[in-house]
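Since the structure comes first, as structure tokens, the remarks are kept for the end.
All residue numbers in this chain count up from 1 along the given sequence. Heavy atoms only: backbone and side chains are in, while hydrogens, waters and symmetry mates are out.
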Amino acid sequence: MNEALARQTLDRLRAQGHQAFFVGGCVRDLLLGHEPKDFDVATSATPDEIAALFPKSDLVGAHFGVVLVKAASAQSVTGAPLGAVSSEGGAVEVATFRTEGVYHDGRRPSEVTLVSDPRLDAQRRDFTINAMFLDPTVPPEPGLVLDFFGGQADLASRVIRCVGSPRARFQEDHLRLLRAVRLAARLEFVIEPETAAAMRAEAASLANIAAERTRDELTRILTQPNPSRGLRLLDETGLLAIVLPEVKALQGVEQPPEFHPEGDVWIHTLLMFDQLPSDPPATLAWGVLLHDIGKPATFTRSDRIRFNGHVDAGLEISRRILARLKFSTGDSEQILSLVGNHMRFGDIQRMKESTVKRFLRLPRFDEHLALHRADCLSSHGHLDNYEFAQERLAATPPEVLRPARLLTGADLLALGYPQGPLYREILDAIETAQLDGEINTHEQARALVQARWPRD
């Protein structure tokens with residue numbers, strides 16, 4: 001956390017006669033009694049004046065009046081080097097008060113005007129609870145608050161409200177639609193009616209946001225506290241149908257009550273998020289969201305409701321979603337593994353030894369366990385397969401899950417087998433026999449190969 005650096009940055013700016021305040025989310029969190037993740041500073045100083053005071057700072061957004069002040073460049077009012085803050089990565093964003101012109105792309109203003117009045121800066125911000133300034137040097141704690149648009153009252157009422165016209169704020173930056181949901185869910189606030197109505201009216205504009213920005217904001221919603229409330233708010237404001245229509249399609253898809261007494265696939269998915277650990281990995285959260293995404297396409301009713309092939313269908317749909325949102329290859333592979341393997345727990349107590357071991361050694365198997373536990377607790381409630389998997393994993397050393405190879409490709413070549421696709425078949429068969437405990441030595445492996453694949 002960069003609070004010490006931010007406070008000393010304020011001191012330095014004020015010592016030179018500039019206005020300087022904490023601003024935005026850190027002020028909101030301090031007033032709520034929460035610990036801010038980061039501290040941002042707003043000031044009347046221009047970027048050039050900031051850079052002159054902090055010579056090693058970075059002009060990360062000079063056009064927007066934003067300077068990144070690093071610990072190594074900060075000094076106290078006495079001019080002494082900053083000693084209370086680590087120089088390893090510490091930095092604070094310092095922004096000059098500004099007004100903004102018309103937004104043409106739903107993301108950036110066409111022009112920015114630097115000003116000296118904090119009220120003018122506050123009126124361009126998204127929500128009232130993010131538009132407050134704090135002077136922490138004025139007692140009592142946390143300090144003097146400059147609140148031009150009723151942010152403190154909205155904090156007290158637990159309300160998310162736009163500064164000024166809600167539609168104008170959302171038209172300026174479409175991503176604010178998702179931010180409103182994220183804040184309301186995390187803080188357990190309500191979205192006031194005019195703001196909620198504007199969100200529904202502007203929902204279609206989300207289609208114009210860069211996929212990466214949408215992905216990152218959705219990930220924050222899914223991994224912060226109260227993700228199921230976030231998903232409900234996305235739906236209630238009309239945003240879900242725009243950004244994740246495949247998830248919207250889960251609603252109303254019945255499930256067999258003997259296995260899913262909780263309700264439809266949508267309800268089941270929401271309940272699963274309530275069973276996840278706090279601050280789950282992003283891949284686990286997305287795995288939960290998509291694990292049953294193939295059920296709407298495979299719904300049938302015969303002797304009972306069935307979803308034959310829903311895993312394969314879910315993998316195909318998930319691939320499209322992950323590609324659309326530009327997930328990294330590594331994250332996509334893990335999420336698809338979670339989707340593709342989530343039904344295998346049902347057979348774990350009947351699997352061959354080699355199959356169990358290969359299952360348990362899947363990358364990040366703890367995420368598979370967490371997903372399965374949430375799946376069970378959000379449906380039938382039985383954890384026998386989860387507990388079996390946990391016990392087997394704890395009782396099986398890594399070298400047993402991944403034993404050293406008994407034969408290699410070089411060994412097969414020495415035995416006279418020509419290189420080709422057969423190598424993979426042979427080596428897999430040797431490993432299977434090894435995992436099943438049927439062979440344990442190099443000689444036994446050679447004998448198995450010569451017996452099963454005799455050379456002419």
Side-chain angles (χ1 to χ4, degrees), residues 207 211 214-215 218-219 222 227-228 231 234-235 240-273 275-276 281-348 350-351 355 358-359 362-365 367-380 385:
T214 299
R215 176 200 65 214
L218 289 172
T219 297
L222 296 178
S228 62
L231 286 166
L234 286 174
D235 184 45
L240 185 67
I242 303 299
V243 293
L244 287 170
E246 301 90 345
V247 175
K248 175 72 174 176
L250 301 178
Q251 297 175 1
V253 178
E254 295 178 69
Q255 301 188 97
E258 59 268 37
F259 301 113
H260 287 278
E262 74 281 4
D264 67 19
V265 184
W266 167 249
I267 295 299
H268 170 66
T269 302
L270 293 177
L271 291 174
M272 282 184 65
F273 277 99
Q275 298 295 339
L276 291 184
T283 48
L284 172 58
W286 279 94
V288 167
L289 185 68
L290 302 179
H291 81 290
D292 276 346
I293 205 74
K295 281 190 171 180
T298 57
F299 176 90
T300 59
R301 193 191 298 270
S302 53
D303 56 320
R304 64 170 177 84
I305 294 171
R306 295 187 181 276
F307 301 100
N308 296 328
H310 87 271
V311 170
D312 289 339
L315 284 169
E316 182 56 36
I317 296 169
S318 296
R319 284 190 189 95
R320 293 199 297 266
I321 293 171
L322 298 173
R324 183 174 78 226
L325 294 177
K326 300 187 185 303
F327 274 81
S328 70
T329 299
D331 284 351
S332 294
E333 288 175 352
Q334 177 64 7
I335 296 166
L336 291 171
S337 180
L338 291 167
V339 173
N341 287 287
H342 79 276
M343 292 295 290
R344 295 183 65 195
F345 282 91
D347 297 321
I348 193 169
R350 299 185 296 274
M351 288 177 179
T355 306
R358 285 191 171 113
F359 185 40
L362 286 172
R364 289 184 264 175
F365 191 72
E367 294 184 22
H368 291 269
L369 276 170
L371 189 150
H372 178 64
R373 177 182 179 275
D375 205 357
C376 295
L377 293 177
S378 304
S379 53
H380 50 71
N385 291 325

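Residue pairs that meet the ring pair (Phe, Tyr, Trp, His ring centres under 6.0 Å) test with at least one member in residues 316-336, sequence neighbours left out, are Trp286-Phe327.
A 4.5 Å side-chain heavy-atom check between Leu362 and Phe359 finds at least one atom pair inside the cut-off.
Contact between Val339 and Ser318 at its shortest, heavy atoms only, is CG2-OG, 3.9 Å. For Gln255 against Gly263, the heavy-atom pair with the smallest separation is NE2-O, 3.0 Å. Val253 and Pro296 make their closest contact through CG2-CG, 3.9 Å (heavy atoms, listed as atom of the first residue, atom of the second, distance). Between Asp264 and Gly252, the shortest heavy-atom distance links the atoms OD2-N, 2.8 Å. Minimum heavy-atom separation, Glu262 to Ile267: O-CG2, 3.6 Å. Between Ile317 and Gly294, the shortest heavy-atom distance links the atoms CD1-CA, 4.1 Å.
Not a single donor-acceptor pair under 3.5 Å links the side chain of Glu246 to the backbone N or O of Ile293. Between the Ser378 side chain and the Ala374 main chain, a donor and an acceptor come within less than 3.5 Å of each other. In terms of modelled atom types and a separation under 3.5 Å, the side chain of Arg215 and the main chain of Lys326 share a donor-acceptor contact. For the pair Arg344 (side chain) and Gly340 (backbone), a donor-acceptor distance under 3.5 Å is absent.
From Ile348, atom CD1 reaches atom CZ of Arg350 across 11.0 Å, with rounding to the nearest 0.5 Å. One finds the OG1 atom of Thr300 at 9.0 Å from the CD1 atom of Ile305 (value rounded to the nearest 0.5 Å). We find the CG-CH2 distance between Leu240 and Trp266 to be 5.0 Å, quoted to the nearest 0.5 Å. Rounding to the nearest 0.5 Å gives a distance of 11.5 Å between CG of Leu371 and CD1 of Ile335. In this structure, OG in Ser228 is found 10.0 Å from CG in Leu276, a value given to the nearest 0.5 Å. With rounding to the nearest 0.5 Å, the separation of NZ in Lys248 from CD1 in Ile242 is 10.5 Å.
For the residue pair Glu367/Thr283, the side-chain donor-acceptor check at 3.5 Å is satisfied. A side-chain donor-acceptor contact under 3.5 Å links Asp235 and Gln251.
Val311 is linked by a side-chain contact (heavy atoms from CB on, under 4.5 Å) to Leu315, His342, Met343, counting only residues two or more places apart in sequence or in another chain.
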Would you please test Leu289 and Leu244 for side-chain contact (heavy atoms from CB on, under 4.5 Å) and show each step? CA-CA 10 Å; Leu289 185 68; Leu244 287 170; 3.8 Å; yes

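Taking the ring centroids of His380 and Phe259, they lie at or beyond the 6.0 Å cut-off. Aromatic pair His268/His291: centroids less than 6.0 angstrom apart.
Taking the six-membered ring where the residue is Trp, Phe307 and His310 present perpendicular rings, their angle passing 60° and hence far from 30°.
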